[in-house]
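Working notes, structure below.
In this text the structure is predicted, and so the values were computed from the model without any measurement. Proteins get letters first, then strands, A, B, ... in listed order; numbering begins at 1 in each.
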Protein chains: 4
Amino acid sequence: MREIKLTDDQYSYVFTPYIEPVATVQPGETVALYTMDAFSNKIVSNKQRAGEVFKTLKGDNPQTGPIKIEGAEPGDMLKVEIIDIEATRDFAASCFNPNFGGLVSTRTTRMLHEPLPDPCYIYKRDENGNYTYNSRLSFKWEPFLGTIATSHAVEVIKTISPFENGGNMDVPDVKPGNIVYLPVSVPGAYFFTGDVHAKQGEGEVCGVAMEITAKVTLKFDLIKHHKILWPRIESPTELMCVGSAKPMEDAARIAYCELLGWLVELGWDKWEAYQAITQAGKLYVGNMVDTVYSLVAKIDKEIAYRK
Amino acid sequence: MREIKLTDDQYSYVFTPYIEPVATVQPGETVALYTMDAFSNKIVSNKQRAGEVFKTLKGDNPQTGPIKIEGAEPGDMLKVEIIDIEATRDFAASCFNPNFGGLVSTRTTRMLHEPLPDPCYIYKRDENGNYTYNSRLSFKWEPFLGTIATSHAVEVIKTISPFENGGNMDVPDVKPGNIVYLPVSVPGAYFFTGDVHAKQGEGEVCGVAMEITAKVTLKFDLIKHHKILWPRIESPTELMCVGSAKPMEDAARIAYCELLGWLVELGWDKWEAYQAITQAGKLYVGNMVDTVYSLVAKIDKEIAYRK
Amino acid sequence: MREIKLTDDQYSYVFTPYIEPVATVQPGETVALYTMDAFSNKIVSNKQRAGEVFKTLKGDNPQTGPIKIEGAEPGDMLKVEIIDIEATRDFAASCFNPNFGGLVSTRTTRMLHEPLPDPCYIYKRDENGNYTYNSRLSFKWEPFLGTIATSHAVEVIKTISPFENGGNMDVPDVKPGNIVYLPVSVPGAYFFTGDVHAKQGEGEVCGVAMEITAKVTLKFDLIKHHKILWPRIESPTELMCVGSAKPMEDAARIAYCELLGWLVELGWDKWEAYQAITQAGKLYVGNMVDTVYSLVAKIDKEIAYRK
Amino acid sequence: MREIKLTDDQYSYVFTPYIEPVATVQPGETVALYTMDAFSNKIVSNKQRAGEVFKTLKGDNPQTGPIKIEGAEPGDMLKVEIIDIEATRDFAASCFNPNFGGLVSTRTTRMLHEPLPDPCYIYKRDENGNYTYNSRLSFKWEPFLGTIATSHAVEVIKTISPFENGGNMDVPDVKPGNIVYLPVSVPGAYFFTGDVHAKQGEGEVCGVAMEITAKVTLKFDLIKHHKILWPRIESPTELMCVGSAKPMEDAARIAYCELLGWLVELGWDKWEAYQAITQAGKLYVGNMVDTVYSLVAKIDKEIAYRK
């Protein structure tokens, strides 16, 4: 299996269609790629202060990419099976980033309060495979990809942002065993991923998950001429759509409208699909901290595939 | 066990501390009460049109209450164990209510579009205990209380509204086997409940669940001198807080701030609690259709009770 | 001219249809009424701390009312001409109220920050009729009614809240020379007013204007059988509609939809009215601090009355 | 005076630092530039349907730029005096764009309604200099620049978007006689402008103003080493700050926080500045239709410059 391993200066801090691909993969190919953590691997000790570290960074969430998907054209749908995520170091890092997070004054929800403290939290992997800061803060390895995206047709977007083609959604269902479907907006798709989280709760409320470096195994495929507007996720038992917007209700509206649309694609009557998502849909918050919020609407395949 | 059964004209369409209790219960007492459905039992056929039905109603969500809790005082916390919910008829009713719902123009999210169609959907209980409209729309019996509240200290509030003391939260975790804790704001608490749903997805996105009449068995208790600001829910494995507000991110902020506060009550350091809810919290949407939205933040008891 | 002067214990801290009127007026009658300030007249010195004062209050914005309007019936429109507002003391009071305001963590936009400082600001009337705290903070007398409402049909609402029938809108155009139109929802209308501001900017961003006691002269009239859903304001040159909701865009949507509806009442085609408010409407923020935000949409009468 | 006149294919549909400047100007220089209208000049008749026209466009709001400002460096502030705006044709065009606008279902506020009608409105200049569609829809020439921006440091942004460096703010105060100050984020600033409106109401509620081609005279200057985070506007009598965000209250928070910061720059105490904007600030909606909303907070210079 081919491996994609970048030098530090090759990582991208933007989702962009305008730079040279770091690799080209064929539809049907499985590759392993390596990812930096969200802080460019710069938080390594409980003694650091996050605010100081952030001043030294080129950006958030360095991305492995762009990876060109051979033959991808606008209007296709990129299928990405997440085969595996392996940690490539024995600790995960979190912190409180000043003016960032769901329960603090931020750059967009501006308030007159002073920033809160900005400690770092190093979670070490223990003999049970858990990541542990202390007796209370100790969590299982439940990794996923914080960012996954294809390029926007014309925009260049910072890697802190979720958007129509994915991006920094911070959705825990982007995990091994699941499939992510993304819109293709430029020839070659220009795929990016990174920002692996050892674990994260729904909402990522302080703004920083348990950030870790990783080796990620992905299988790529193309569904030709299948235009979608927003990311989809398929688990063994569920269909999901992700919407990213502010205010949060707009993200919820997108996610449920897209899920309703998926049911209609599967043969449902529009209004019966509206009943189905009302009575049996699920709706959780992926992130409530990024430039826009990401919500995930889902329904059981057992229901979706009924005739 | 005592039963509380109202005549049709005794049901209340407001949460109010200003009317006579329909019953008084003792702390520690278990009672069974009967509830009307959200439409005062007026939707009974697929041939009705919801818009016409709604014009004939006194209000939404008729409530069984107020029930006075003997000895309850402002600053206490009311504990309500949901022992059982039994259907008292063999069908559930849903519909699309014009200008109501999460994906349509509403009274507050005003748009220039004409209202959408307003069909009714009658789900009949079948031999397997499922509620079935047709081969696609058929769902299991997973009942819960759409509304549960104590009275506000001074306000009278329509029963369509969620608020600090509960109300029409439409949160599926208000179900048998779980415990709901509510603030007490007036002497006697003045408890209300109703709006039983045979099943509802997260968000209740069209605005109308599978509405049914029911017999509800509840056990009441008082935790004296334990002031809370918003409802809490305890399942066998999880602690939850509900926040209700608009925009949706404000509901999320309330829910997570309250959950963080609960951890601090349990002995956690404030900042470590912020880490815990970030890495291991859950956050789902109860309703995205009512006067304000209700979000539920939760954490595993296994984590919350760590030392 | 009749005067309505309450004793301190007669002021109401809720908008309610359930208490006895303090007075009854006839359509066509002009009355003078006296109002307390928003803090029940308790802030009188720069040395007080607002947080301490608020703990002693029964509520915010004590109201003069309910005033019964003889003959008013649900579906009528109440016309209130604001003839005059005179100060009844020689200072106005402001402050920063902890956990209240547009640029701080609040009860609904919950954050983890500690509350900000809570000083009081006493503005003394000087020889020029200006209200002056110091050389920078000195403003002209531009008084208006912070709260003006008829009762909700069934709800009792705290006097901090704006709502469909008016309430604590904090809209500077509720001023002498203008006319306010309010929906009538109960027999007798049950009118309330209070919370006079010596001056306030748009948004009332810290949450507290220049609060003052006053003598208010109002002329009441009824427009029979003219149902409106939200308050309207008429100045000598403009027509205005007020919407109150969260998020703020929902308040804007209400205000502009209502203004469009007013143009349609005046004979406009719906789509041409949409063009008119797009090209010539005005839209400002009354309050961005109360339980819901109030936005004011307006258009010149010169345009509105065109044929 | 130098003129900058592009060929049709030179106009840009993104704000970008990555393409060659169309011109370079010196600090202190005054230039005249020519702008296309928001629809690339494609709406010319009342008989067109906007939805059909939009399918043929490369994007919205074609921009004249980038214009390189000699010597501009990140951390400087670009000063742009709007000397004059002259129409270069005798009509302005408006329309209703399907799925765009403040009172309709949109790409982000997704609803299940069908799109509304999409007529075009051609306003002809009459002998009085007014722009007239019919006897009701006839408005004065009150031109301003819908878009004005410097480039983002790393992002490429569609010209439909407002952002920190300006963009498609649709703020009527960007007009002749006023000065706009913009952050400089890249060497040379890379200035863009376009989207001239013959007139527009506050909020631009249908999403389309009275769009026109124009000759725009601007004087550029640099204030070195004066970092600002968001656009500022200075009129002969007022200081203004623009914030662009969703939900709308976040735009309001940014605008007022920035204005407070400007007062602090001028020597004000932070808390007294908070009082000043509370009692004497103005706050109106520039746009309620673009990817984010733009709000304008202002205060009189007479107050701001007090000692």
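- Sparse packing is recorded around NZ of D:Lys282, with 12 or fewer heavy atoms of other residues, nucleotides or ligands lying under 6.0 Å away.
- Side chains of B:Met111 and D:Met111 form a contact here, defined as non-hydrogen atoms less than 4.5 Å apart.
- Listed by sequence position, B:Leu103, B:Val104, B:Ser105, B:Thr109, B:Arg110 are the residues of residues 94-110 of chain B in contact with chain D, using a 4.5 angstrom heavy-atom cutoff.
- No donor-acceptor pair under 3.5 Å is formed between the side chain of B:His113 and the backbone N or O of D:Leu116.
- Atom CZ of B:Arg125 is surrounded by more than 12 heavy atoms from other residues, nucleotides or ligands within 6.0 Å.
- With sequence neighbours excluded, no residue forms a side-chain hydrogen bond (donor to acceptor under 3.5 Å, both in side chains) with D:Asn46.
- Side chains of D:Pro247 and B:Glu249 form a contact here, defined as non-hydrogen atoms less than 4.5 Å apart.
- Shown here is B:Lys270, whose NZ atom has more than 12 heavy atoms of other residues, nucleotides or ligands within 6.0 Å.
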